[in-house]
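What follows is a set of notes on a single structure, which appears directly below.
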Amino acid sequence: MELFIQQLVSGISIGAIYSLLAVGYALVYSVYNFTNWAFDAFMAFGAFIAFTSISSLFLPFWAAGAISIVLTIILAVSAEKLAYSPLRARKAPRLFMMISAMGVNLAIVNIINLIYGGTFRKFPVDALQPIFIGNVSIGRTDLVAGGISFVVLALLWAFLYRTRWGLGVRASSIDILTASLMGINNNGVAIVVFTLTGILSSVAGIFYGIKYAVYPMMGMVTIKAMIASIVGGLGSLPAAIVGSMILGILETMVSGYISSTYRDLFSFLFLIVILLFFPNGLMGKSVEEKL
Amino acid sequence: MAETTPMLDIKDLVVHYGGICALNGVNLHVGQGEIVAVIGANGAGKSTLMKTIVAVKSYTSGTIMYKGMPLPKESYKVVSTGITLVPEGRRIFAPLTVRENLLAGAYTRWDRQHINQTMEEVFALFPRLKERINQRGGTLSGGEQQMLAVGRALMAKPDLLMLDEPSLGLAPIVIDMMFETITRLNREMGLTILLVEQNASIALELCHRAYVLKTGEISMEGTGKELLEDPRVQASYLGITS
Ligand SMILES: Nc1ncnc2c1ncn2[C@@H]1O[C@H](COP(=O)(O)OP(=O)(O)O)[C@@H](O)[C@H]1O
Ligand SMILES: [Mg+2]
């Protein structure tokens, strides 16, 4: 029972990190209909900025986090302005967008690799003492990572569903042309979406770095976020979160009760089984309903 | 309704889709306070005309002047000049609620209080929408969706309201109600209206002036009454053979 609760808390926290990534994908996908392969580079970038801010500039954690978020936003918006927006202006096919995103990804990951090398680094924060409730030890890092991730998701929800700009993003995700008739500027929406992407990837990168390690290829984990959003139902934000939580919990349970070696194997098996029975994902509804 | 300077003045407008010429030298004007109709068969270029005015489609040559100024070339800037388009097929945001659809229509406006006031005006016009305020747009009936599309356009407080085939796919009784509302918008609220229709009889009935668009060219123009009585219009667009 103790192990179960420990694994559950850990699973929820990793699920929350997956949620940040999955929601980031779903956002870009729902508005621009392309998979932003550069997302994992944004995530690694965010983690390395925070890493350097602490280890070389000796800044406190919160300041490092803030700098990381700001710079990752700038990176994400620059990618939009330099790589995606010119292609959109020329009405390039979706495939070109994805290839361009892969190019952005390769470039950033390789620059990070040149500067830092490919080794795994420990994120420079002191390990927090776990909390004991009876015999159950709960990782305080998990609580912080999970808690902040959920706060970020809640803020994102409030932004999308309670503000004028959020309405603009949702309207554009449904029908970009009609949205423009209402005065919603497509390029303005893009800046909003990529700003959100920057925040999500930076926060996910930092917490993933703390939980595991910081390394140039750490963004590979975003494949899990893709699995999670497919399991949940592609393109929908709530579904992305549900899929992420299920996947996070499943993985930590497998690691805890079976073996961490089989963790990823189970993730992919799970994806296949879900798709066999629910081809549109667990919560996949109409294709039209995106955000 | 002769005007010295028309509100909307289109001269020699030529529009292409690749090599295909969709509008070939269209001249058209709309005066302040008028209801102007453009009738024409399927594929005549009616929607192209509308899309070109709101800059969704670019044009090859000609001029489009609105209130004495050229219109912006980017569609999202057009609405702030005072023009809104109710697009063909309504194109409401199906997953959004009625309220959200209406708020999207008011996107360029900032004053919450005035926005709510306009929303009440829209509800006065279409009480049905108020009853369904929290329902998703996609769950409305065709007629209600058309009301929502018109309501959404009104939320921007336009001076010129453009409608692309508002009767499309609606039951006759709903069409009558829709056109009655359009007339009221013109008479009671002073809205200038440019209307595009395949349903020629009803459009000619309510408009002040009308144009006949035939394969990208204006083939006839006159008051609604003149065109209703024109034998060529009767034969081609009203299905009257004598
Ligand atoms: N996106 C497009 N690409 C190519 N041709 C088009 C496009 N849209 C319309 N057309 C052509 O332009 C002409 C006018 O179309 P349209 O303006 O939609 O007519 P209407 O609204 O009067 O039915 C038609 O011949 C149509 O085939
Ligand atoms: Mg048409």
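Numbers restart at 1 for each chain; the letters A, B, ... are given by sequence-line order, proteins then strands.
- If you measure heavy-atom distances from B:R109 to chain A, the contacts under 4.5 Å come from the backbone alone.
- Proximity of a side-chain donor or acceptor of B:E197 to a complementary backbone N or O of B:S167 within less than 3.5 Å is detected.
- Within a 6.0 Å radius of CZ in A:F277, no more than 12 heavy atoms belonging to other residues, nucleotides or ligands are found.
- Neither the backbone nor the side chain of B:A156 comes within contact range of chain A, judged by heavy atoms closer than 4.5 Å.
- In this structure, A:R90 is not positioned above the aromatic face of A:F96 in the sense of NZ or CZ being under 6.0 Å from the six-membered ring centre and within 45° of the axis.
- For B:Q135, the CD atom is densely surrounded, since the number of other residues' heavy atoms within 6.0 Å is greater than 12.
- Judged by distance alone, the side chain of B:K46 and the main-chain N or O of B:G40 form a donor-acceptor pair under 3.5 Å.
- For B:S80, no part sits under 4.5 Å from any heavy atom of chain A, backbone or side chain.
- Listed in order of number, the residues of residues 55-70 of chain B that approach chain A to under 4.5 Å between heavy atoms are B:V56.
- Options B:L85, B:L96, B:T84, B:N101 differ in how many heavy-atom pairs under 4.5 Å they form with chain A, and the most are formed by B:L96.
- Environment of CE in A:M220: sparse, with no more than 12 heavy atoms of neighbouring residues, nucleotides or ligands closer than 6.0 Å.
- One finds a salt bridge joining B:K130 and B:E120 here, because a Lys/Arg side-chain nitrogen approaches an Asp/Glu carboxylate oxygen to under 4.0 Å.
- The residues B:K157 and B:E121 are annotated as salt-bridged, a charged nitrogen and a carboxylate oxygen being separated by less than 4.0 angstrom.
- Among A:L177, A:N185, A:D175, A:L181, the residue with the largest count of heavy-atom pairs under 4.5 Å with chain B is A:N185.
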